[in-house]
Amino acid sequence: MPLSWNEIKPRAIKFSKEWENAEKENADSQSFWVDFFKVFGISQRRVSTFEHSVKKLGNKDGRIDLFWKGRLIIEHKSKGRDLDKAFQQAIDYFPGLKEEELPKYILVSDFENFRLYDLDENSQHDFLLSELHKNIKLFGFIAGYQKIVIREEDPINIKAAEKMGKLHDLLKEIGYEGHELEIYLVRLLFMLFADDTGIFEKDILWDFVENQTSEDGSDLAIKLHQLFQVLNTPKEKRLKNLDEIYSQFPYVNGKLFEENLRLAAFDSKMREIFIESCAMDWSLISPAIFGSLFQSIMDKNERRNLGAHYTSEKNIMKLIKPLFLDELWDEFHKINGSSKKLAEFHKQIGELKFFDPACGSGNFLIIAYRELRLLEFEILKTIHKGERVTSIENIIWISIDQFYGIEIDEWASRIAEVAMWLIDHQLNMQISEKFGSYFVRIPLKKTANIIYANSLQTDWESLVPKNELSYILGNPPFIGKKEQNKQQKEDLKQITTGIKGAGVLDYVTGWYLKASQYIQDTKIKVAFVSTNSISQGEQVGILWNELINKYKIKIHFAHRTFRWDNEAKANAAVHVVIIGFANFETKNKVLFDYEDIKSDAHEIKVKNINPYLIEGNDIVVFKRTKSISNVPEMQFGNMANDGGNLIIKETELIDLKKKEPNAQKFIRPLLGSVEFINSKKRYCLWLQDIKPNELREFKEIQKRVSLVKKTRENSSRKATKKLASTPYLFGEIRQPKTDYLIIPRVSSENRYYIPIGYVDKNTIVTDRCAFVGNANLFLFGILTSDLHMTWMKYTCGRLKSDYNYSIQIVYNNYPFPKDINDKQKERVEKAAQKVLDTRLEFPDSSLADLYDPLAMPASLVKAHNQLDKAVDLCYRPQAFTNERARIEFLFDLYSQYMTPLLAEMDKKQKKKRKPRKLKNI
């Protein structure tokens with residue numbers, strides 16, 4: 001157990017006085033450093049060697065005055081000698097050292113002067129021997145205290161994963177796998193952390209493996225097996241004749257070493273890898289990524305991209321700060337002058353309870369716990385300012401047993417539990433350093449309450465009663481409707497019983513519904529990270545109608561769409577939102593808005609946040625079969641359902657024309673989203689008017705029709721099988737009889753505008769587009785305006801991150817302007833025509849080229865700006881200045897349009913429910 005700083009300080013003063021005359025000829029530098037290490041309660045001989053031989057550049061022999069592998073080089077000179085040269089001499093030894101032996105610190109001295117170099121931080125500290133007691137905390141790395149350093153993407157994380165990953169692979173190769181391998185590696189990882197963070201005496205594991213096991217690795221597994229048993233046995237129950245090598249290890253408890261595992265086997269290569277792992281400084285790895293590190297070790301492919309497996313702390317803070325942390329810090333600053341109020345506040349936060357119902361390897365719980373402890377630290381520093389605290393355990397009231405979690409992966413849940421122990425220990429080291437008294441919770445008596453279970457099928461109250469809980473937080477699984485497996489579909493089915501249209505919901509919505517049920521009649525606050533699909537498109541009406549109207553949910557804060565990723569090179573970013581909500585109202589509502597998905601957020605105070613994460617009334621948009629405005633009907637295009645056999649690629653067209661020269665009238669241009677936007681050519685067989693004798697005449701076409709028939713007959717869908725009776729026709733035919741306006745159903749989110757345009761009636765439109773027949777210029781102007789694009793962005797669904805235009809949600813619910821005059825209409829039509837004319841100025845450019853935000857011609861930008869202004873003036877006397885103003889206006893207008901419609905619907909419903917009068921018999 002490390003000495004406290006209060007114990008070290010008088011030792012340092014004594015050491016300085018005893019060696020103040022060290023400049024005498026008979027002064028012994030080795031004795032000086034032996035005594036120096038004793039100041040910190042460390043045996044120099046155990047951790048380091050004098051006169052360590054090393055080869056310098058040029059194959060010259062060198063001797064390091066004192067060498068602590070992987071930690072420290074000391075170069076000692078006579079009084080008055082140049083310490084700069086001493087430092088350079090230490091650097092010259094580096095080429096002769098293995099990578100894992102390179103020091104993190106260099107200390108040079110001439111008895112009277114000390115100079116410490118921290119190579120990681122590139123810092124230098126100079127002081128006199130007489131000032132050692134004032135600088136003892138610089139030597140925390142000797143005493144057993146560690147700095148808490150949060151480096152999410154530090155290369156050491158990758159190196160650690162690679163080292164342990166190799167060991168994992170080699171153990172698996174010899175047949176040590178599955179459950180036993182996972183537990184075994186968790187134990188090794190815990191011990192590596194313990195060896196560098198003060199749970200164990202510094203580097204005793206490294207010393208144990210390197211000096212107490214055979215070089216061929218033959219006895220390493222046996223000795224580790226014995227060590228596991230020792231770590232699981234209280235000191236008073238250990239064998240009285242237990243070898244001192246083992247007795248120096250503490251009792252850990254926590255059930256981590258309880259299970260009796262099958263004996264593994266090591267060879268020299270595996271032993272060397274483990275020694276290299278021991279040589280690394282595991283204190284530099286944040287427990288926040290401990291679980292991710294473990295997961296990457298278990299999967300060779302995932303190991304290549306460690307960063308993709310954990311949530312960056314910056315993103316976690318986006319959730320926990322507005323959920324609880326900001327409020328607690330505000331309270332602390334408000335009462336900071338009153339010890340009595342601080343003591344009451346301290347007691348209050350010591351009673352808070354936190355729950356992550358999809359906790360994975362514990363990232364959210366770990367960071368939440370760390371931040372709460374850091375707040376407690378500030379409270380304690382204020383309350384006990386100027387006091388000497390001798391019993392830290394009596395003043396720390398926050399513990400990991402205030403934290404709860406459910407995780408469906410057994411070993412992720414176990415890792416979360418271990419990681420919570422590790423962060424707890426690091427924080428205990430930090431507070432020990434401040435108050436000068438060593439505090440450690442070993443053996444482990446308290447633990448985070450994390451269970452291995454299916455969260456959506458578990459009664460949350462069986463884990464933590466809701467009247468005791470304060471906050472629910474986390475990052476439930478991002479799994480869309482199509483990606484859900486059978487079990488996940490069943491989970492959602494059970495929790496969404498009675499909700500109309502629930503089959504389209506993402507898996508994450510199960511947590512929103514379950515949390516909303518759980519928090520009824522409580523003051524629990526909830527915040528989840530979710531894919532942005534739950535705040536746009538079809539899911540909004542289905543999910544939030546239930547949450548708002550049935551469970552009376554109110555959104556307290558929200559981060560609008562941003563990229564959920566970190567700096568890992570191959571990390572696939574997800575577009576997410578964070579939504580904080582509760583079963584009660586609050587006056588302090590905050591929206592975090594982003595200029596774009598990669599930028600930092602800016603905070604907006606609002607009166608209310610609706611499910612689309614904008615300021616406005618709690619209103620949702622449902623699917624509608626007819627428009628709420630008096631506008632032409634929009635439809636989807638034709639669906640072939642032909643297995644590709646009625647479709648003709650441009651490369652196939654010439655060959656088909658050669659073989660069937662008389663079939664030209666049955667070949668039509670075909671347009672889907674891709675073809676329309678990118679000016680690609682594709683064709684189809686349009687055989688709606690073909691006569692039976694003509695079809696029999698065209699042998700090549702007959703072959704294709706035959707394949708269509710076969711495809712449809714082999715389908716598992718009854719409706720498709722039925723279509724086999726007319727194999728020469730598209731499966732669904734909705735071809736306009738006039739020229740038409742075409743709207744791609746899928747378009748890149750990077751474009752400011754969805755490219756919309758006119759197409760002649762002889763071009764066949766596929767179901768990847770929507771169309772309006774015989775559409776006038778005014779309609780084109782409205783649909784291609786910034787106002788309509790803004791409405792679309794908030795209400796449409798997404799295909800990956802691309803816009804997925806919906807007729808029933810976007811078009812049919814869009815509030816078109818009412819009561820416009822001829823001048824307003826003419827202005828829109830003129831501006832719309834200008835957009836079409838400007839496009840024609842670039843005949844070699846596709847719509848993809850023209851609407852690329854980096855390549856969009858200035859003249860086209862200007863034409864659209866003029867159109868946007870003309871459309872804006874159809875709604876109000878002045879143009880809109882930003883997107884937020886547009887969408888808030890549109891939702892308010894939508895609400896106005898819906899009020900009479902809802903009243904009419906309600907009237908019809910009441911009429912339907914009116915009881916019939918019984919006739920007299």
Side-chain angles (χ1 to χ4, degrees), residues 152 157 161 182-183 185-186 189-190 285-299 301-303 305-320 323 354-371 400 403-424 447-458 460 463-464 471-479 483-485 487-488 491 506-512 514-515 526-531 564-566 568 571-574 576 578:
E152 296 175 358
N157 299 333
E182 290 176 337
I183 292 291
L185 285 170
V186 172
L189 284 169
F190 176 84
I285 298 176
S286 165
I289 70 146
F290 181 75
S292 306
L293 180 68
F294 173 78
Q295 289 168 4
S296 72
I297 286 167
M298 301 306 292
D299 188 317
N301 294 323
E302 292 183 357
R303 197 180 307 144
N305 188 24
L306 171 62
H309 304 291
Y310 69 92
T311 305
S312 70
E313 293 186 23
K314 179 181 177 182
N315 281 340
I316 293 173
M317 293 296 284
K318 287 179 180 179
L319 183 146
I320 68 174
L323 178 63
F354 299 79
F355 172 39
D356 184 343
C359 70
S361 50
N363 297 1
F364 280 80
L365 295 176
I366 291 162
I367 302 303
Y369 179 64
R370 185 191 74 197
E371 294 301 314
I400 57 175
F403 289 74
Y404 298 78
I406 300 176
E407 172 51 39
I408 198 167
D409 182 277
E410 181 179 4
W411 304 116
S413 68
R414 195 57 182 273
I415 286 297
E417 189 178 63
V418 173
M420 288 292 281
W421 286 328
L422 295 174
I423 191 66
D424 181 58
T447 185
N449 304 282
I450 296 169
I451 63 169
Y452 159 52
N454 183 328
S455 188
L456 294 185
Q457 293 190 12
T458 300
W460 292 359
L463 177 64
V464 51
Y471 303 99
I472 298 173
L473 70 166
N475 182 14
F478 300 163
I479 304 173
E483 289 76 32
Q484 292 165 24
N485 61 33
Q487 180 60 60
Q488 290 160 347
D491 292 343
D506 285 357
Y507 194 45
V508 69
T509 60
W511 277 263
Y512 277 82
K514 186 137 185 149
V526 186
F528 289 138
V529 180
S530 317
T531 46
W564 185 260
D565 60 5
N566 52 55
N571 187 18
V574 180
V576 303
I578 297 173

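We number each residue from 1, following the sequence as shown.
Residues G360 and E407 share a closest heavy-atom pair of N-OE1, 2.6 Å. Taking each heavy atom of A358 and P476 in turn, the nearest pair found is CB-CA, 3.9 Å. Minimum interatomic distance between A515 and V526 (heavy atoms only, all atoms of both residues): CB-CG1, 4.2 Å. Looking at every heavy atom in both residues, L473 comes nearest to P357 through O-CD, 3.5 Å. When all heavy atoms are compared, the tightest approach of V508 to S530 is CG2-OG, 4.0 Å. The shortest non-hydrogen separation linking C359 to I450 is SG-CG2, 3.9 Å.
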Test side chain to side chain contact (heavy atoms under 4.5 Å, CB included) applied to F478 and D506, step by step: CA-CA 7 Å; F478 300 163; D506 285 357; over 6 Å; no
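Here the CG atom belonging to L365 is positioned 12.0 Å from the CD1 atom belonging to I423, to the nearest 0.5 angstrom. If you take CD on E182 and CD on E410, they are separated by 8.0 Å, rounding to the nearest 0.5 Å. Between atom CD1 of residue I320 and atom CZ of residue F364 there is a gap of 8.5 Å, rounded to the nearest 0.5 Å. Distance OG1/T447 to CG/N449: 7.0 Å, rounded to 0.5 Å. In this structure, CG on L189 lies 6.5 Å from CD1 on I415, to the nearest 0.5 angstrom. Distance check, rounded to the nearest 0.5 Å: CD1 of I479 to CD of Q488 gives 3.5 Å.
By the side chain to side chain contact (heavy atoms under 4.5 Å, CB included) test, N454 pairs with I408, L456, Q457, Q487, D491, sequence neighbours left out. With sequence neighbours excluded, the residues satisfying side chain to side chain contact (heavy atoms under 4.5 Å, CB included) with K318 are N315, H559, F562, I578, Y594. In this structure S413 satisfies the side-chain hydrogen bond (donor to acceptor under 3.5 Å, both in side chains) test with no other residue, sequence neighbours excluded. Every residue two or more places apart in sequence or in another chain that forms a ring pair (Phe, Tyr, Trp, His ring centres under 6.0 Å) with F528 is listed here: Y512. Applying the ring pair (Phe, Tyr, Trp, His ring centres under 6.0 Å) test to Y404 and every residue at least two apart in sequence or in another chain returns nothing. Annotation: side chain to side chain contact (heavy atoms under 4.5 Å, CB included) contacts of I406 (sequence neighbours excluded): F355, I451, A453, S455, T458, W460, L463.
The aromatic rings of Y471 and F354 lie parallel to each other, their planes meeting at an angle below 30°, with 60° marking the opposite boundary. Note on ring orientation: taking the six-membered ring where Trp is involved, the planes of Y369 and F403 are perpendicular (angle over 60°, cut-offs 30° and 60°).
Side chains of I367 and M317 form a contact here, defined as non-hydrogen atoms less than 4.5 Å apart.
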